[in-house]
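Comments concern the structure below.
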Amino acid sequence: MDIVEEEFINPGTRMCAGCAMQLIYRFALKALGPNTILTVPASCLTVLHGMQGFCSTKVSVLHTPFATTGAAASGIVASLEEKGLADNICVVAFAGDGGTSDIGIQALSGAAERGTNFIYACYDNEAYMNTGVQRSSSTPLGAFTATTPGGKIRPKKNMPRILEAHGIPYVATANGSYPIDLYDKFKRARDIKGTRYFHILSACPPGWRFDPKDTIYIGRLATETGFWPLYEIINGKFVLSQPSKKFLDPAKRKDIEQYLSAQKRFSNISKQDIESYRNYIRDQWNEIKRRLENQ
Ligand SMILES: Cc1ncc(C[n+]2csc(CCOP(=O)(O)OP(=O)(O)O)c2C)c(N)n1
Ligand code: SF4
Ligand SMILES: [Mg+2]
């Protein structure tokens with residue numbers, strides 16, 4: 001696939017070295033193009049945009065209070081509809097996992113239930129990174145954060161499932177380590193009407209505690225172990241994405257311990273929790289197989 005050459009993020013952002021989120025944002029904006037209005041709540045992504053008076057993107061961005069992303073996007077869509085501009089401009093909300101799975105879930109659910117014509121993308125770095133790595137409901141089992149010093153005792157919330165239950169036309173997972181797959185999905189989602197939801201794994205070197213040079217490697221391990229399958233659900237039809245297809249065969253999956261042991265946030269994880277991951281991955285793939293066979 002040809003990738004658009006034009007960049008929509010100006011060079012030199014304030015992200016940490018090795019931050020997957022800026023790669024995700026860069027490829028998503030390339031796929032979305034110039035006729036896009038973004039809305040973003042408090043997060044590392046706000047830091048990317050810069051201080052008031054500056055903006056790192058070439059498209060307009062409305063910064064919004066933490067809990068209100070879905071409501072802010074709904075307001076932008078309503079205003080464009082009123083002005084007769086809604087067919088030409090794509091409204092896109094981009095938020096972190098804390099802003100999506102915890103504090104913003106009510107506004108997101110409301111917007112999805114109303115069938116608001118917009119894309120909502122959650123970049124999931126699995127904690128509240130901007131404020132110093134506190135746990136969110138998207139933090140995975142056994143992960144160290146500032147508020148789970150002994151490792152998180154609950155597994156992560158399954159947001160794609162929750163959004164699918166709203167009956168929206170498009171749900172997709174993606175991963176910053178597969179930017180072409182992500183680009184392709186944003187291109188497709190742009191042309192669908194109604195609420196479209198992305199859940200994107202976003203490796204974070206300081207929060208996950210690995211060397212910035214390993215960002216792509218760590219993100220790939222999440223998919224290669226079967227922990228982070230890449231798929232789309234288009235009008236209820238489950239489509240397994242190309243990079244994940246071979247992992248339908250359990251023998252092709254790497255063991256989850258390779259992913260966990262590469263990140264210091266899991267350095268105290270128990271054997272029991274590692275076994276829980278293995279069971280979770282097995283059940284998740286049995287469910288994917290069942291869906292593919294029964295549709
Ligand atoms: C109502 C409110 N509560 C708390 C904060 C402080 N705050 C700013 S960014 C942030 C963390 C956001 O976490 P997440 O959505 O996962 O994005 P990330 O920082 O990980 O990119 C918090 C708690 C705030 N800005 N507003
Ligand atoms: S803390 Fe993590 S998510 Fe935030 S800018 Fe740094 S690498 Fe990116
Ligand atoms: Mg986060």
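In what follows, every heavy atom counts, from backbone to side chain, and hydrogens, waters and symmetry copies are set aside. Start at 1 and go down the list; that is how both ligands and their atoms are numbered.
Atom numbering of ligand 1 starts at 1 in the shown order; those under 4.0 Å from a heavy atom of Gly98 are 14 (P), 15 (O), 16 (O). Listed by number with element, the atoms of ligand 1 under 4.0 angstrom from any heavy atom of Asp97 are 15 (O), 16 (O). Annotation for ligand 1: atoms under 4.0 Å from non-hydrogen atoms of Thr131 are 6 (C), 7 (N), 8 (C), 10 (C), 11 (C), 22 (C), 23 (C). For ligand 1 and Cys44, the ligand atoms under 4.0 Å from any heavy atom of the residue are 18 (P), 19 (O), 21 (O). Atoms of ligand 1 found under 4.0 Å from any heavy atom of Ala42, numbered from 1 in the order shown, are 8 (C), 9 (S), 12 (C), 25 (N). The Tyr123 neighbourhood of ligand 1 comprises atoms 17 (O), 18 (P), 21 (O), with distances under 4.0 Å to a heavy atom of that residue.
Among the heteroatoms counted here (N, O or S) of Asp97, OD1 is the one nearest to the Mg ion (ligand 3).
Shortest contact from atom 9 (S) of ligand 1 to any protein heavy atom: Asn130 OD1, 3.2 Å. For atom 3 (N) of ligand 1, the closest non-hydrogen atom of the protein is Phe66 CD1, 3.6 Å. The protein heavy atom nearest to atom 17 (O) of ligand 1 is Ser43 CB, 3.4 Å.
To the nearest 0.5 Å, atoms CG (Leu48) and CG (Asn130) are separated by 11.5 Å. Atom CD1 of Ile281 and atom OG1 of Thr225 lie 5.0 Å apart (nearest 0.5 Å). Leu108 contributes atom CG, which lies 9.0 Å from atom SG of Cys122 (distance to the nearest 0.5 angstrom).
Contact annotation: Asn125 places an N, O or S atom under 2.8 Å from the Mg ion (ligand 3). For a distance bound of 2.8 Å, the N, O or S atoms of Gly98 include none lying that close to the Mg ion (ligand 3).
In this structure a side-chain-to-backbone donor-acceptor pair under 3.5 Å is present from Ser202 to Met21. Arg209 places no side-chain N or O within 3.5 Å of a backbone atom of Arg265 that could act as its donor or acceptor partner.
Checked against a 6.0 Å centroid threshold, the rings of Phe198 and Tyr123 do not count as neighbours. Aromatic rings from Phe27 and Phe186 are positioned such that their centres are separated by 6.0 Å or more.
Side-chain contact annotation: Ser241 with Ser244, donor-acceptor N/O pair under 3.5 Å absent. A donor and an acceptor atom, one from each side chain of Ser101 and Ser137, are located under 3.5 Å apart. In the model, Thr100 has a side-chain atom that pairs as donor or acceptor with a side-chain atom of Tyr120 under 3.5 Å.
Salt bridge Glu7/Lys30: present, at least one basic N to carboxylate O contact under 4.0 Å. Between Glu287 and Arg290 there is a salt bridge, since a side-chain N of the basic residue sits under 4.0 Å from a carboxylate O of the acidic one. Ion pairing between Lys156 and Glu126 holds under the 4.0 Å rule for side-chain N and carboxylate O.
Proximity of Ala127 to ligand 1 is established by a heavy-atom distance of less than 4.0 Å.
None of Asp124, Asn158, Thr173 except one satisfies the side-chain hydrogen bond (donor to acceptor under 3.5 Å, both in side chains) rule with His199; the exception is Asp124.
Geometrically, ligand 1 and Met129 share a nitrogen or oxygen pair separated by less than 3.5 Å. In terms of N/O distances under 3.5 Å, ligand 1 is not approached by Tyr128.
Contact annotation: for Asn125 versus ligand 1, heavy atoms closer than 4.0 Å belong to the side chain alone.
Distances from atom 8 (Fe) of ligand 2 under 2.8 Å pick out these protein N/O/S atoms: Cys19 SG.
Across Ser202, Gly99, Gly104, Cys19, heavy-atom proximity to atom 15 (O) of ligand 1 is greatest for Gly99.
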